[in-house]
Q: 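First the structure, which I've put down as structure tokens, then a few questions once you've had a look.
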Amino acid sequence: MSETNSPTTFSTPAAREAEQMSTPQTLSNIFFEPARTFEALRERPRFLVATLITALLVVAFTFVMFQRVSYEAMIRESIETNSRTADMSAEQKEQMIEMQTKPVVKAIGYVAPLVFIFIILAAGAGIYLLGAMLMGKGMSYRQALSVWAYSTFPPTLLLMLANIIMLLVAPPDPAEAAQNRGSLIHANLSLLVNGTERPVLATLLGSFDVFIFFGLFLAATGLHKVARLSKGAAWGIVIAIWVLGVILKLAFATFSGSPIA
């Protein structure tokens with residue numbers, strides 16, 4: 001019987017130990033032993049706790065951002081410098097600012113990242129599952145969810161904690177905050193251009209990011225271990241998804257006139 005059909009038939013002691021990882025162990029070991037952690041997630045896939053922590057960190061960053069930087073000044077700066085609003089009259093801009101600074105809109109700003117993360121989780125896992133099927137391999141949707149959740153958890157944790165520390169130590173001015181609402185930490189080449197003047201180029205350069213590539217490495221490792229894909233096939237899937245994401249971000253940056261983190 002093949003390993004694909006019966007992955008636990010010839011389990012080694014190390015594999016049996018991996019299968020017994022608790023949720024706290026998987027959350028810590030994913031930083032230091034990603035391959036072994038994904039072996040454990042293959043046998044016992046889980047995703048909820050990692051996703052909740054990721055979502056709460058993003059919401060915490062948004063909350064601290066709105067507390068440390070004037071929300072109204074940030075919205076005003078964003079509208080005043082956006083190329084799409086350059087032809088608007090001062091009155092039209094004020095109406096837009098008034099609308100976007102209403103309490104209900106601000107509340108949506110807190111909740112939206114939480115909803116967005118779960119939508120991306122569901123869609124991303126579906127793409128991973130489809131990619132594995134196209135490569136002739138099989139895994140459950142729950143396993144695909146675990147690969148997505150645990151490949152995004154470490155880079156998001158590190159990035160959001162760094163952002164929150166920066167906000168607490170040295171909050172940016174509204175102009176910088178408006179341009180970098182997704183992240184204040186730049187581990188990419190977007191620093192080389194002015195995002196307000198060249199949003200599409202800033203978005204493209206920002207896609208070549210250390211944290212993003214860390215997540216791609218974890219995703220490829222996860223697909224290799226969980227779906228039993230070859231390393232080349234696993235990397236092919238994650239790179240294809242990354243390229244698609246870059247194209248979508250560039251399209252949105254072109255439409256909105258603002259850089260997309």
Q: Kindly list each side-chain donor-acceptor pair under 3.5 angstrom involving residues 51-65, sequence neighbours excluded, with atom names and distances?
A:
from: T51; atom 1: OG1; to: F47; atom 2: O; distance (Å): 2.8
from: T54; atom 1: OG1; to: A50; atom 2: O; distance (Å): 2.9
from: T62; atom 1: OG1; to: V58; atom 2: O; distance (Å): 3.0

Q: Taking all atoms of both residues into account, what is the closest heavy-atom pair of L167 and R68, and its distance?
A: O-NE, 3.1 Å

Q: Is the backbone of A122 close enough, under 3.5 Å, to the side chain of Y141 for a donor and an acceptor to pair up by distance?
A: yes

Q: For the residue pair T156 and F211, establish whether any side-chain heavy-atom pair is separated by less than 4.5 Å.
A: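 Side-chain contact under 4.5 Å: no.
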
Q: What's the spacing between L204 CG and R198 CZ if we round to 0.5 Å?
A: 11.0 Å

Q: Working to the nearest 0.5 Å, report the span between CG of N188 and CG of D209.
A: 4.5 Å

Q: Between R228 and E39 (salt bridge meaning N to carboxylate O under 4.0 Å), is one present in this structure?
A: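 Yes, charged N to carboxylate O under 4.0 Å.
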
Q: Got a second to check how far L158's CG is from N163's CG, nearest 0.5 Å?
A: 11.0 Å

Q: Report whether M133 and I237 are members of the same hydrophobic cluster (ILVMFWY, side-chain heavy atoms less than 4.5 Å apart, transitive linking).
A: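 Looking at the clustering, I237 is in the same group as M133.
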
Q: Hey, can you tell me if W235 and F217 have their rings parallel, tilted or perpendicular (30° and 60° cut-offs)?
A: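 Aromatic pair W235/F217 classed tilted.
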
Q: Find the distance between OG1 (T23) and CZ (R44) and round it off to the nearest 0.5 Å.
A: 5.5 Å

Q: Does the side chain of T26 come under 3.5 Å of the side chain of Y150 through a donor N or O and an acceptor N or O?
A: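 Their side chains do contain a donor-acceptor pair, which is all the 3.5 Å distance test asks for.
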
Q: Do F153 and L218 come within less than 4.5 Å of each other through their side chains, counting heavy atoms only?
A: no

Q: Would you list the pairs meeting salt bridge (charged side-chain N to carboxylate O under 4.0 Å, His left out) in which at least one residue belongs to residues 234-248, sequence neighbours left out?
A: none

Q: Can you name the residues that form a side-chain contact (heavy atoms from CB on, under 4.5 Å) with V210, not counting sequence neighbours?
A: A187

Q: Around atom CZ of F118, are there more than 12 heavy atoms of other residues, nucleotides or ligands at under 6.0 Å?
A: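 Atom CZ in F118 is crowded, with more than 12 foreign heavy atoms closer than 6.0 Å.
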
Q: Is V169 reachable from F66 through a run of I, L, V, M, F, W or Y residues, each pair having side-chain heavy atoms under 4.5 Å apart?
A: no

Q: Flag the pair W242 / V238 as yes when at least one side-chain heavy-atom distance between them is below 4.5 Å, and no otherwise.
A: no

Q: Counting C-beta onward and ignoring hydrogens, is there a side-chain heavy-atom pair between F213 and L216 closer than 4.5 Å?
A: yes

Q: So for atom CD, which belongs to Q25, do other residues, nucleotides or ligands contribute more than 12 heavy atoms lying within a distance under 6.0 Å?
A: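 More than 12 heavy atoms, drawn from other residues, nucleotides or ligands, come within 6.0 Å of this atom.
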
Q: Show which residues join L244 in its hydrophobic cluster (side-chain heavy-atom contacts under 4.5 Å, direct or indirect), or state none.
A: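 So far as hydrophobic clustering goes, L244 is joined with L248.
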
Q: Locate the shortest heavy-atom distance separating P154 from F214; write the atom from each residue and the value.
A: CB-CE2, 3.7 Å

Q: Would you say L130 and L121 are hydrophobically clustered, going by side-chain heavy atoms of ILVMFWY under 4.5 Å?
A: no

Q: Within the side chain of T152, is there an N or O that forms a donor-acceptor pair under 3.5 Å with the backbone of A149?
A: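 Between the backbone of A149 and the side chain of T152 there is a qualifying donor-acceptor contact (under 3.5 Å).
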
Q: Do L250 and V243 share a hydrophobic cluster, counting only Ile, Leu, Val, Met, Phe, Trp and Tyr and linking them when any side-chain heavy atoms are less than 4.5 Å apart?
A: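 Same cluster.
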
Q: Apply the hydrophobic cluster definition, ILVMFWY joined by side-chain contacts under 4.5 Å directly or through others, and give me every member besides F255.
A: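 Via sub-4.5 Å side-chain contacts, F255 links to none.
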
Q: On a heavy-atom basis, which atom in S151 and which in Y128 lie closest, and how many Å separate them?
A: OG-OH, 4.3 Å

Q: Quick one: pull up OG1 in T203 and CZ in F252 and give me the separation to the nearest 0.5 Å.
A: 10.0 Å

Q: Restricting to non-hydrogen atoms, name the atom on G215 and the atom on P155 that form the minimum distance, rounded to 0.1 Å.
A: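 Result for this residue pair: CA-CG, 4.0 Å.
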
Q: Which residues satisfy the side chain to side chain donor-acceptor pair (under 3.5 Å) test with Q67, sequence neighbours excluded?
A: none

Q: Kindly compute the distance separating CD (Q143) from CG (L41), expressed to the nearest 0.5 Å.
A: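 The CG atom of L41 is 9.5 Å from CD of Q143, to the nearest 0.5 Å.
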
Q: Which pair of non-hydrogen atoms, one from H224 and one from S230, has the smallest distance, and what is that distance?
A: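 Result for this residue pair: ND1-C, 3.9 Å.
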
Q: Within the 4.5 Å heavy-atom criterion, are E43 and M21 side-chain neighbours or not?
A: no

Q: Honestly curious: do F32 and L27 fall in one hydrophobic cluster under the side-chain, below-4.5 Å linking rule?
A: yes

Q: Check whether any side-chain heavy atom of M139 lies under 4.5 Å from a side-chain heavy atom of L223, and answer yes or no.
A: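 Yes, close enough: below the 4.5 Å cut-off.
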
Q: Which atom pair, heavy atoms only, marks the closest approach of L145 to A125?
A: CD2-CB, 3.4 Å

